[in-house]
Amino acid sequence: MQQYPTSALYVVATPIGNLADLTLRALHVLFLVDAVACEDSRNTATLLSRHGLSKPLIAAHQHNEREVAEKLITRLKAGERIALVSDAGTPAVSDPGARIVDAVLEAGLRVIPIPGASAAIAALSASGLLHEQFYFVGFLPARAKQREEALERLRRTAATMVFYEAPHRIVETIDALAAAFEPTRQIVLARELTKLFEEIHRCPLAQAAAWLAADAHRQKGEYVILLEGAVSASSDTDAEAERVLAILLKECSVSQAAALAAQITGARKKHLYDIALRMKAP
Ligand code: SAM
């Protein structure tokens, strides 16, 4: 019992699809705890009952984390053990939980992680991308303008980027990535991980939309998207863009030169347009 102290919050990872992906330690903690704080009580009740467990459940979703934290702290101070779970995967990773953990730590109480499934790590592990570093982006903004701005900020990121996407928005997101990054970058589309229709597809970004279009089933489902980071230093890329633009600007307008240079170099037209404007400026 030494490893499972009382007055502690246990942050328990749960499966991302395959119910067997619950660790033995997670199962033991769920058996031990006095209550489970969870994102959706129906989902958690189903998971617990699959393993023959039934526990008092406390709703803990993104809109009530602060109030719930107060209640949990009172119960923890009274000597309870409480588990925190989300609907799938690791709590607080693009899921509610971080505010509760923060409040519990601030109250001087223990928080103990019970690691397990996380979609990002599962996708990375089977991607074959040589990612010495990765950058977890999570969900991009849903609105086009904010999404474009977020992608612009990521253009020079050298690390492999990890995106989550809501099931109904994959086509839109791939189009946005294709508009923002070089077509030659490798992308991995990891779909329905650990589930019956799991697919992990790797291709150049330019081919991703066609892969999605080839099968209607691919246009929905849970996805992790991995995108190769910036391949060469941006200054090299810009130097090449300037070389190409210098030739084109002798014959074409700024916008024609930017469009042609985008086709030649694979860089973004808007970025090339800005460079061409600077080059034309007196
Ligand atoms: N906390 C979770 C984790 O640790 O991975 C992530 C929760 S987040 C609300 C849900 C997103 O995770 C989905 O929209 C999808 O991008 C990704 N995801 C979750 N389960 C997945 C699965 N089985 N296959 C692919 N992606 C998944």
Side-chain angles (χ1 to χ4, degrees), residues 9-23 25-26 29-30 36-44 46-47 50 59-65 83-102 111 113-129 131 134-142 147 150-151 154 160-177 187-203 208 211-212 215 217-227:
L9 179 74
Y10 292 84
V11 184
V12 181
T14 58
I16 56 167
N18 189 322
L19 287 184
D21 288 337
L22 186 70
T23 69
R25 192 154 166 255
V29 164
L30 291 172
V36 180
C38 59
E39 199 180 351
D40 181 305
S41 9
R42 270 184 313 178
N43 281 352
T44 302
T46 307
L47 176 73
R50 285 285 180 111
H61 44 75
Q62 59 172 337
H63 304 297
N64 73 350
E65 276 195 67
L84 172 70
V85 302
S86 61
D87 276 352
T90 301
V93 176
S94 289
D95 257 346
R99 283 203 183 90
I100 292 177
V101 169
D102 178 53
V111 175
I114 306 294
S118 186
I121 301 301
L124 278 166
S125 72
S127 71
L129 288 181
H131 47 79
F134 64 86
Y135 179 82
F136 181 72
V137 181
F139 290 100
L140 285 166
R147 189 170 54 212
L151 292 176
L154 292 168
T160 294
M161 283 157 274
V162 183
F163 301 91
Y164 279 170
E165 195 42 281
H168 56 282
R169 232 183 302 167
I170 185 68
V171 172
E172 210 180 307
T173 300
I174 292 302
D175 288 347
L177 292 177
I187 188 168
V188 174
L189 295 152
R191 172 173 184 272
E192 297 287 276
L193 292 168
T194 78
K195 302 184 197 174
L196 192 58
F197 297 108
E198 176 180 277
E199 279 184 281
I200 302 173
H201 181 73
R202 192 164 64 152
C203 64
W211 182 79
L212 286 176
D215 180 346
H217 291 107
R218 291 182 186 153
Q219 289 154 38
K220 32 193 196 312
E222 302 227 74
Y223 271 94
V224 178
I225 304 163
L226 308 177
L227 182 68

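Just follow the structure's listing: the first ligand is 1, and inside any ligand the first atom is 1. From a predicted model like this one, the values you see are computed outputs, not experimental measurements. For the single chain, residues carry numbers from 1 onward in sequence order.
- Residues I174 and A208 come closest through the heavy atom pair CG2-CB, 3.7 Å.
- Among protein heavy atoms, the minimum distance from atom 14 (O) of ligand 1 is reached at E165 O, 2.9 Å.
- The salt bridge (charged side-chain N to carboxylate O under 4.0 Å, His left out) check on E165 picks up nothing, with sequence neighbours excluded.
- Not a single heavy atom of G17 sits under 4.0 Å from any atom of ligand 1.
- Ligand 1 lies nowhere less than 4.0 angstrom from a heavy atom belonging to F163.
- Taking both residues in full, the closest heavy atoms of G97 and A92 are given as C-CB, 4.0 Å, listed atom of the first, atom of the second, then distance.
- The aromatic rings of H201 and W211 sit parallel, their planes meeting at an angle under 30°, below the 60° perpendicular limit.
- When only interatomic distances are considered, the shortest N/O to N/O separation between A88 and ligand 1 falls below 3.5 Å.
- Those atoms of ligand 1 with a heavy atom of K195 less than 4.0 angstrom away are 23 (N).
- Ligand 1 has a nitrogen or oxygen under 3.5 angstrom from a nitrogen or oxygen of Y164.
- Less than 6.0 angstrom separates the ring centroid of F136 from the ring centroid of Y164.
- Nearest to atom 13 (C) of ligand 1 among the protein's heavy atoms is E222 OE1, 3.1 Å.
- Polar contact check, A117 against ligand 1: no nitrogen or oxygen pair lies under 3.5 Å apart.
- Checking only distances, V93 does come within under 3.5 Å of ligand 1, N or O to N or O.
- Of the polar atoms of Y223, at least one N or O is found under 3.5 Å from an N or O of ligand 1, judged by distance alone.
- Environment of CZ in R169: crowded, with over 12 heavy atoms of neighbouring residues, nucleotides or ligands closer than 6.0 Å.
- Residue-environment remark: CD (Q62) stays at or below the threshold of 12 foreign heavy atoms within 6.0 Å.
- Screening L154, I225, V162 against V137 for a side-chain contact (heavy atoms from CB on, under 4.5 Å) leaves a single residue, L154.
- Among all protein heavy atoms, the one lying closest to atom 22 (C) of ligand 1 is L193 N, 3.6 Å.
- Here the protein heavy atom with the shortest distance to atom 10 (C) of ligand 1 is F139 CZ, 3.9 Å.
- Which parts of ligand 1 touch A190 is read off a 4.0 Å heavy-atom cut-off, strictly below it: atoms 25 (C).
- Close approach of ligand 1 to G89 (heavy-atom distance below 4.0 Å) involves ligand atoms 3 (C), 4 (O).
- The single protein non-hydrogen atom nearest to atom 18 (N) of ligand 1 is A119 CB, 3.5 Å, given as residue, atom name and distance.
- Residue T194 places no heavy atom under 4.0 Å from ligand 1.
- The closest heavy-atom contact to atom 9 (C) of ligand 1, among the options S94, S118, A13, G97, comes from S94.
- Between the side chain of T44 and the main chain of S86, no donor-acceptor pair closer than 3.5 Å is present.
- Across all their heavy atoms, K220 and Y223 have their closest contact at O-CE1, 3.9 Å.
- Among protein heavy atoms, atom 7 (C) of ligand 1 sits closest to D95 OD2, 3.4 Å.
- The number of heavy atoms from other shown groups lying within 6.0 Å of OH (Y135) does not exceed 12.
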